[in-house]
A.B. asks: 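Starting off with a structure, shown below.
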Amino acid sequence: MTAQLEQNTEGARVTGRQPRSTKSNGTKDLRRSERRFATWWWFTPALLALVLIHYAPSAIGAFFAFTNWKGIGKWQFVGWENFAAIAEGGPTTTALINTFIIGISFVILTNVLGLMLALGLNRTVKSRNVIRTLIFAPVVLSSLATSYIWKFIFEQDGPLNEFLAAVGLESMQRTWLGDPATVLPAIIIVMVWQSVGLVMVMYLAGLATVSPELEEAAALDGATWWQRFNYVILPAIMPSVVIAMTLMLINGLRVFDQIQALTGGGPYGASETLAVTIYKETFVMGRFGFGAALALVMSVIIIILTVAQRLLLRTNSKG
């Protein structure tokens with residue numbers, strides 16, 4: 001040990017450098033350990049709250065999906081019987097189809113309209129801040145409150161039919177929420193109206209990262225508007241596209257508030273979705289086990305579609 005220390009000292013004299021201090025290295029390691037401990041310490045309460053509030057109830061609900069529990073009293077383990085009943089079809093099949101129709105239509109319309117509004121209100125419009133506020137305002141309103149307002153608009157003697165009569169379009173008057181042919185489009189309109197402002201803001205945040213000089217250079221090189229959008233703007237806002245489409249897909253597949261307020265799943269189950277069916281089976285029919293099984297199926301469907309969408313968007317962005 002003494003010989004090694006002398007050798008290090010002699011080398012330091014030759015090179016003109018001081019020998020490394022093992023004490024400073026130990027101090028750095030100690031500080032690094034303290035930072036890691038502090039990170040986990042501050043993260044632990046949030047993690048515990050997440051587990052207790054979200055994951056633990058979800059795990060308990062997943063367990064009861066394999067039972068015949070009625071909400072009170074005793075229960076028995078029935079295995080896959082609830083899922084076999086779901087697979088038999090009937091009202092659950094209609095609810096599943098409606099869920100897919102609403103979810104896919106919702107994610108497409110909100111993202112297309114939100115992107116168009118963001119592009120139109122990005123830089124050139126003078127009163128863009130006021131218009132942005134007006135478009136975003138429905139996002140912060142209560143879903144139930146706005147749904148009841150729209151329910152009044154869609155009534156037989158409501159403002160919409162009165163407006164159609166006033167402009168000579170009596171033939172287009174409908175019982176919009178009472179007709180199986182128009183109830184889903186009416187619900188989708190309400191959902192898109194309330195959520196498009198949020199998507200617009202996401203795309204505006206993405207467009208803020210696009211350099212105006214880069215767009216001007218592309219325009220000077222003769223690029224068309226579509227070429228500038230496809231090769232300059234779209235790659236820059238791809239993170240916003242992924243986030244917006246993921247959030248809207250999840251919100252569209254698990255929609256409940258608007259449907260419950262507008263139609264309650266009617267008429268004759270024409271607007272019933274998985275979320276509405278889960279509510280009815282669990283709290284109206286008292287079939288907690290079957291409702292938990294439906295909730296588990298819906299959760300699995302949302303996870304699969306969300307992961308598939310993110311993988312598809314990631315592949316397209318790399319391509």
A.B. asks: Testing the basics here: between V107 and Q309, what is the closest heavy-atom pair and its distance to 0.1 Å?
C.D. replies: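 Between these two residues, the closest heavy atoms are CG2-OE1, 4.1 Å.
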A.B. asks: Apply ring-ring contact (aromatic ring centres under 6.0 Å, His included) to F288 and list each qualifying residue two or more places apart in sequence or on a separate chain.
C.D. replies: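 ring-ring contact (aromatic ring centres under 6.0 Å, His included) check on F288 returns W69, F283.
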A.B. asks: In Å and rounded to the nearest 0.5 Å, what is the CG to OG distance from L247 to S195?
C.D. replies: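 Reported value, rounded in 0.5 Å steps: 10.5 Å.
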A.B. asks: Within this structure, what is the CG-CE distance for the pair L262 and M191, rounded to the nearest 0.5 Å?
C.D. replies: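 CE of M191 is found 10.0 Å from CG of L262.
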A.B. asks: Could you list the donor-acceptor pairs under 3.5 angstrom formed between side-chain atoms of residues 290-304 and any protein atom two or more places apart in sequence or on another chain?
C.D. replies:
from, atom 1, to, atom 2, distance (Å)
S299, OG, A295, O, 2.9

A.B. asks: Could you measure the distance from the OG1 atom of T99 to the CG atom of L274? Nearest 0.5 Å is fine.
C.D. replies: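 With rounding to 0.5 Å, OG1 (T99) is 3.5 Å from CG (L274).
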A.B. asks: Any salt bridge (Lys or Arg N to Asp or Glu O under 4.0 Å) pairs touching residues 50-66, not counting sequence neighbours?
C.D. replies: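 Every pair satisfying salt bridge (Lys or Arg N to Asp or Glu O under 4.0 Å) with a residue in residues 50-66: there are none.
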A.B. asks: Quick one: name the residues clustered hydrophobically with L134, using the 4.5 Å side-chain heavy-atom rule over I, L, V, M, F, W, Y, and just say none if it's on its own.
C.D. replies: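 Via sub-4.5 Å side-chain contacts, L134 links to V130.
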A.B. asks: Answer yes if I187 and I189 sit in the same cluster of Ile, Leu, Val, Met, Phe, Trp and Tyr residues linked by side chain heavy atoms under 4.5 Å apart, and no otherwise.
C.D. replies: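 Shared cluster, yes.
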A.B. asks: Hydrophobic clusters here meaning ILVMFWY residues chained together by side-chain heavy-atom distances under 4.5 Å, can you tell me if L214 and L220 are in one?
C.D. replies: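 Unlinked, L214 and L220 end up in two clusters.
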A.B. asks: Give the table of side-chain donor-acceptor pairs shorter than 3.5 Å for residues 48-67, with sequence neighbours excluded, one pair per line with atom names and distance.
C.D. replies:
from, atom 1, to, atom 2, distance (Å)
S58, OG, H54, O, 2.8
T67, OG1, F64, O, 2.8

A.B. asks: Kindly list each side-chain donor-acceptor pair under 3.5 angstrom involving residues 87-96, sequence neighbours excluded, with atom names and distances?
C.D. replies:
from, atom 1, to, atom 2, distance (Å)
T92, OG1, I86, O, 3.3
T92, OG1, G89, O, 3.1

A.B. asks: Please check if V199 and V140 belong to a single hydrophobic cluster, counting links between Ile, Leu, Val, Met, Phe, Trp and Tyr side chain heavy atoms closer than 4.5 Å.
C.D. replies: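 Result: yes, single cluster for both.
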A.B. asks: Look at the rings of W225 and F229 and say which category their plane angle falls in: under 30° parallel, 30 to 60° tilted, over 60° perpendicular.
C.D. replies: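 Taking F229 first and then W225, their aromatic rings lie parallel (interplane angle under 30°).
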A.B. asks: Can you run down the side chain to side chain donor-acceptor pair (under 3.5 Å) pairs that involve residues 165-180, sequence neighbours left out, and say none if there aren't any?
C.D. replies: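 Sorted result for residues 165-180: N161-W176.
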A.B. asks: Got a second to check how far L144's CG is from T146's OG1, nearest 0.5 Å?
C.D. replies: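 The OG1 atom of T146 is 7.5 Å from CG of L144, to the nearest 0.5 Å.
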A.B. asks: Under the side chain to side chain contact (heavy atoms under 4.5 Å, CB included) rule, collect the residues that match up with P267, sequence neighbours excluded.
C.D. replies: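 By the side chain to side chain contact (heavy atoms under 4.5 Å, CB included) rule, P267 matches P180, V183, A270.
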A.B. asks: Working to the nearest 0.5 angstrom, can you tell me the gap between T110 OG1 and M245 CE?
C.D. replies: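 These two atoms lie 8.0 Å from each other.
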A.B. asks: Would you mind listing every side chain to side chain donor-acceptor pair (under 3.5 Å) that reaches into residues 260-286, with sequence neighbours excluded?
C.D. replies: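 Residue pairs passing side chain to side chain donor-acceptor pair (under 3.5 Å), neighbours aside: T263-S271, E272-T277, E272-K280, E281-R287.
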A.B. asks: Is there a continuous path of hydrophobic side-chain contacts, each under 4.5 Å between heavy atoms, that joins Y231 to L234?
C.D. replies: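 Each belongs to a different hydrophobic cluster.
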A.B. asks: Would you give the length of the straight line joining atom CD1 of I104 to atom CG of L305, rounded to the nearest 0.5 angstrom?
C.D. replies: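 Going from CD1 on I104 over to CG on L305, the span is 7.5 Å.
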A.B. asks: If you look at every heavy atom in A218 and V232, which pair is closest and at what distance?
C.D. replies: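 For A218 versus V232, the nearest heavy atoms are CB-CG2, 4.2 Å.
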A.B. asks: What about L198 and L141, same hydrophobic cluster or not, with Ile/Leu/Val/Met/Phe/Trp/Tyr joined at side-chain heavy-atom distances under 4.5 Å?
C.D. replies: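 Unlinked, L198 and L141 end up in two clusters.
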A.B. asks: Output side-chain donor-acceptor pairs under 3.5 Å for residues 202-212, partner residues at least two apart or in another chain, one line each.
C.D. replies:
from, atom 1, to, atom 2, distance (Å)
Y203, OH, N111, OD1, 2.7
T209, OG1, G206, O, 2.5
S211, OG, E213, N, 3.4
S211, OG, E213, OE1, 2.8

A.B. asks: Please set out all donor-acceptor pairs under 3.5 angstrom arising from side-chain atoms of residues 147-156, sequence neighbours excluded.
C.D. replies:
from, atom 1, to, atom 2, distance (Å)
S147, OG, S143, O, 2.6

A.B. asks: With sequence neighbours excluded, tell me which residues meet side chain to side chain contact (heavy atoms under 4.5 Å, CB included) with T224.
C.D. replies: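 Counting only residues at least two positions away or on another chain, T224 forms a side chain to side chain contact (heavy atoms under 4.5 Å, CB included) with W226, Q227.
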A.B. asks: Shortest non-hydrogen contact from I135 to P138?
C.D. replies: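 Result for this residue pair: O-CD, 3.2 Å.
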A.B. asks: Take atom CZ of R132 as the centre, draw a 6.0 Å sphere, and report whether it contains more than 12 heavy atoms from other residues, nucleotides or ligands.
C.D. replies: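 Yes, CZ of R132 has more than 12 neighbouring heavy atoms, counting only those of other groups under 6.0 Å.
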A.B. asks: For Q258 versus V190, what's the shortest heavy-atom pair and its separation?
C.D. replies: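 Nearest pair, atom of Q258 first, then V190: CG-CG1, 4.4 Å.
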A.B. asks: Specify the closest pair of heavy atoms between L253 and G103, including all atoms of both residues, with the distance to one decimal.
C.D. replies: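 Scanning both residues completely, I find the closest heavy atoms to be CD2-CA, 4.1 Å.
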